[in-house]
Amino acid sequence: MTLTGTAPRIVAALTDSGPQGRTVKELCGALGAGEQAIRRSLAVLVAAGVVREFSKYQPGVRGAVPRAYSLVGKGE
């Protein structure tokens, strides 16, 4: 798989985030990229099995539970 555009920057940002991952909003802030570009790249990375998506519960925060993304470990 060849990564182009925003995808390599997302992988680098997720590498730095550790197991807690980052939300789309956090990735937009960290990379200075638009939300749609981030979402498109994440969709490709999830489909390729490079990134996993999960719910990031934040105690005490009301509203919808945001989705977070992290790199897939070698054993997953």
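Ile10 contributes atom CD1, which lies 4.0 Å from atom CD1 of Ile38 (distance to the nearest 0.5 angstrom). Atom CZ in Arg9 sits 5.0 Å away from atom CG in Leu31 (nearest 0.5 Å). Taken from SG in Cys28 to CD in Gln36, the straight-line distance is 9.0 Å, to the nearest 0.5 Å. Put simply, CD on Glu35 and CG on Leu42 are 10.5 Å apart, with the number rounded to the nearest 0.5 Å.
A pairwise comparison of heavy atoms in Gly21 and Ser70 identifies CA-CB, 4.0 Å as the closest pair. Shortest non-hydrogen contact noted between Tyr69 and Leu14 is O-CD2, 3.1 Å. A pairwise comparison of heavy atoms in Val72 and Gly49 identifies CG2-O, 3.4 Å as the closest pair.
No donor-acceptor pair closer than 3.5 Å links the side chain of Arg67 to the backbone N or O of Thr23.
Stacking of Arg52 on the aromatic ring of Phe54 is recorded, both the 6.0 Å distance cut-off and the 45° axial limit being met.
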